[in-house]
Structures are given as structure tokens and as C-alpha cells.
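What follows is a set of notes on a single structure, which appears directly below.
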Amino acid sequence: MDDFNYQSGALNAEDVPLAKIADAVGTPFYCYSQATIERQFRIFADALTGLDATVCFAVKANSNLAVLRTLAKLGAGADVVSGGELTRALAAGMPADKIVFSGVGKTDAEIEQALVAGIRSINAESEPELAAINRVAKRLGKTAIVTLRINPDVDAHTHAKITTGLNENKFGIEWTAAHRVIADARDLGNVRIVGLAVHIGSQITEYEPFREAFIRVRDLVAMLRADGVAITHLDLGGGLGVPYDGEDIPPPAEYGQIVRETVGDLGCRLAFEPGRLIVGNAGVLVTRVIYVKDGATRRFAIVDAAMNDLLRPALYDAKHEIVPVSATNEAPELVDVVGPVCETGDTFATQLALAPVKAGDLLAIRTAGAYGSVMSSTYNSRDLVPEVLVRGADFAVVRKRIGLQTFLDHEQFPDWMDR
Ligand SMILES: *Cc1c(COP(=O)(O)O)cnc(C)c1O
């Protein structure tokens, strides 16, 4: 499943002991396995064999340049949601014609950046956005290639904060309105709507909602074509889940089958935007125990990673598997694994059965490759921690620690205060 395994009792990333990396870069740090990234990409690409498919990795899941380049070399493009992510995707070597731009709040400057770069499509999410794209394209003397993101009003059965395909969510244009919006857009001289896009949510662990959504897309394509609108592109989004805590998730091949059965015969060029599936289990966050504290009712392992490094448990109540970096045969005991930040939400696990830990021990928080480092902050004036990529027996720091001094250098006193 991934490349974080024990070798003679030591947890390795591929062939590198995580303890060795900890000695070299300090803790906490993120560690990614290139082999896992590559394997996950191939599994997904293979699931789409026979389809005219471009895999546009969702950069917001992990935007590290080395991770992006790893994927670019396998033929991946990118799904970006900001001008910053577009800059990263291009800097990593992703070809512009494999980049799609999603998101509900693109600014004029971001639209201009996309048009100048000549990306594959801008996924428009509202009528005001279509007007903005048209205005910017006209100023630049260009025609914008656009797909219209529709909201299929399908329940993805995932966490409320990561479901996006219900009509109460802010994403896309209601699918019932898409027909009229596209008809109206015919008058926009500098926008060419070539297709539809859909993305119903994230960490989806049963695939039937995809089928429901893609059937809506299919119906809409039929209606539009009947009206003489040429639909040549479909962007089916991302959203496939990964196991965080032993969940049973169908293989991506089943997803591919659903795609074939629903839209496979429409003759459209397809784009996909997986993020989590590609990098989720390709990363761990390694942390060191600072103290073991016996509270009134339970034991706490206080570690040097915190919610600012990995926000998912605090934000989504996410449960990440936590394992010792040095395996022991001692009987597990229950412990809460918490960070040092002054928030009760700064908790990685409650009542976790873990072999006894002591100060100085290393723990690995698993499945932290997606929505981990990218969501980190400097809350409590903590550093942005290093990111390390492993390939075989080699490892390299792919983002250096960004320490407090960098931030202090950007702060200044107003001139009415004493210096
Ligand atoms: C977040 C997002 C994705 C990626 O979702 P995953 O669950 O990581 O696959 C893809 N497309 C859009 C539009 C998104 O917002």
C-alpha cells in the first residue's frame, strides 16, 4: 500500500530509516516516498486505460515542487486553485496545456495569469466569473477556453467540510441552470465554453455518488448537444478517498469502470483532478515525544508536532494512524497523543493503543502526504517544518525549515513607536 515499513524494527521510508532523517533535519518533519507517489499515480492512470484522459494532480493537496516534478515526469498535469499554485505547477515543469484552473474566487490578475500561460482550461464557477474571464480575455485579445463547473446536487457521503457537490455548497453552477448559462454565454465574444466540470467532494470512500454525478453530466451533455452546443471536454474532478485508519476503500479500477459506463462513449477529452489519492499515503509526519505526562484520568504523550503542522485532526476530526519509529514487543497501553499548542484541539489521537513511549522517542503520523504541509501555519510562532523526499536509499530535503527569523524579518514597528 505504501513504502513506510519496518526493517529490523526500524520504520523506514523506502530504504531510509526515518530515525536517520530525524538526526539530519531535526523534528518534526514531513517525509514523502517517491515510490509511493509514482505507484499511486500509475494505479489511477491505469484505471483509466482506454479513455482519452489527462490526470491533473490537485496541487492543493501537496504543492512541493519536487512532488510536482515527480508527477510531471509521469505525464501528470495540474489542477490549480490560485495564481500561486499555477506558478508552482509551471515551475515544476508541468506543461501549460495540462493545467486546469478551478476555484470560486479567481481574481482578474489570476485570470490574466492563466490566459497568458495558455492553460488547458479555466473551470468557471459562476456567471460573474464568466463575465470577468470575458473582460480580461478581451483586454488581452485572447479567447478563453472555459469549462463550466456544474453542481450536480449529489451527496458524496463525506465530511461536511469537504463535501462540495450539494446545492447548498458554494461550488459550481446548479446543474439545472447550466443550460441557460451556456446559452447566455454564447454572446460573450472572448469566452469559448468547451465542456463541463464537476467535483463533488473529497475523501469519498464509496463510489456510487460519482456515478450519480457523472450521469447528470451525461444527461446535460446530451441536452446541450441536442441544442447544437459542442461539448468536447469533461473534467470529472477528484475526490477518491484513502484509508487513514484501516477503512476499506474500493480500488480505483472500480472508479474507472464507473467513468467508462457513464461518460466513456461521449467522445470527450477527459480530465481528472485527484489529489489525496496520489499523495495521501505517500507521506508521514515524524515527531518526537517531548514529555510523557500522567494526567488525572489518562496518560499523554506530548509531541513536538502540533496542529499548525498538521491541521486535519483539529479541522476535520481526522484520525491518522500513529506508529512508533522503533518497534518494540511491549504490550500497548492507552495514550493521548497531543501537541504543545495552547488549544485543546491540538490532539492527534485520543486513547490510542501504543507500545509505551518515553521522552525522546520518535513517532510517525501516517497518511500525512495530502493536506498536511500545505495547510501548515506558524501559529504559536512555530517554524514551517522541513519536507524530505526519499527515493530508494537516498533522501533529500525538498523544503528547508522556514524559521522564525524569516518572519521577524518581515515585521516592523510603526514609526510612532520607540525603536
Ligand atoms: C480539492 C479539489 C480536488 C482534489 O480533491 P481530492 O479529494 O484531493 O482528490 C480536485 N478538484 C477540485 C476542484 C478541488 O477543489
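Order of appearance sets the numbers: ligands from 1, and atoms from 1 within every ligand. Residue numbers count from 1 along this sequence. The shown structure was predicted, so the numbers you read here are calculated from the model rather than taken from an experiment.
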For ligand 1, note which part of [X] has a heavy atom under 4.0 Å away: side chain, backbone, both or neither.
X: E273; result: both
X: N123; result: neither
X: P274; result: backbone

Could you tell me, atom by atom, which parts of ligand 1 come under 4.0 Å of a heavy atom of [X]?
X: R276; result: 6 (P), 8 (O), 9 (O)
X: G275; result: 6 (P), 8 (O), 9 (O)
X: G238; result: 9 (O), 10 (C)
X: S102; result: 13 (C)
X: A58; result: 3 (C), 4 (C)

Pi-cation contact, Y244 with R276 (under 6.0 Å, within 45°):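 That pair does not qualify as a cation-pi contact.
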
Heavy-atom gap A370 to ligand 1 smaller than 4.0 Å: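 Per 4.0 Å heavy-atom rule, A370 does not contact ligand 1.
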
Within-shell test, D79 vs ligand 1, heavy atom, strictly < 4.0 Å: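 Yes, that is the case, since the closest heavy atom of the residue is under 4.0 Å from the ligand.
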
Ligand 1 N/O within reach of R149 N/O, cut-off under 3.5 Å: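 Such a contact does not occur with ligand 1.
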
G239-ligand 1 polar pair, N/O distance under 3.5 Å: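 Such a contact does occur with ligand 1.
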
Working to the nearest 0.5 angstrom, can you tell me the gap between [X] [atom1] and [Y] [atom2]?
X: F57; Y: I99; atom1: CZ; atom2: CD1; result: 13.0 Å
X: N308; Y: N380; atom1: CG; atom2: CG; result: 7.0 Å
X: I365; Y: I322; atom1: CD1; atom2: CD1; result: 5.0 Å
X: E112; Y: K106; atom1: CD; atom2: NZ; result: 15.5 Å

Distance-only polar pair, side chains of D227 and H179, donor-acceptor under 3.5 Å: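 Short answer, yes.
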
Any donor-acceptor N or O pair under 3.5 Å, side chains R120, T54: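 Looking only at side-chain atoms, T54 and R120 do form a donor-acceptor pair, the distance falling under 3.5 Å.
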
Closest to atom 1 (C) of ligand 1 (judged by heavy-atom distance), picking from E125, K60, Q203: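 Among E125, K60, Q203, the closest heavy atom to atom 1 (C) of ligand 1 comes from K60.
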
Closest candidate by heavy atom, reference atom 8 (O) of ligand 1, pool F171, F57, Y371: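 Considering heavy atoms of F171, F57, Y371, the nearest to atom 8 (O) of ligand 1 sits in Y371.
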
Residue pair L148, I173: steps toward the side chain to side chain contact (heavy atoms under 4.5 Å, CB included) verdict: CA-CA 8 Å; L148 194 67; I173 288 172; 3.4 Å; yes

Heavy atom of the protein closest to atom 7 (O) of ligand 1 (residue, atom name, distance):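 Here the nearest protein heavy atom works out to S202 OG, 2.3 Å.
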
Output field: ring centroids Y371/Y316 closer than 6.0 Å: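 Distance test on ring centres: not under 6.0 Å, no.
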
Y255 and F210 aromatic ring geometry - parallel, tilted or perpendicular at 30°/60° bounds: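 The rings of F210 and Y255 stand perpendicular, inter-plane angle above 60°.
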
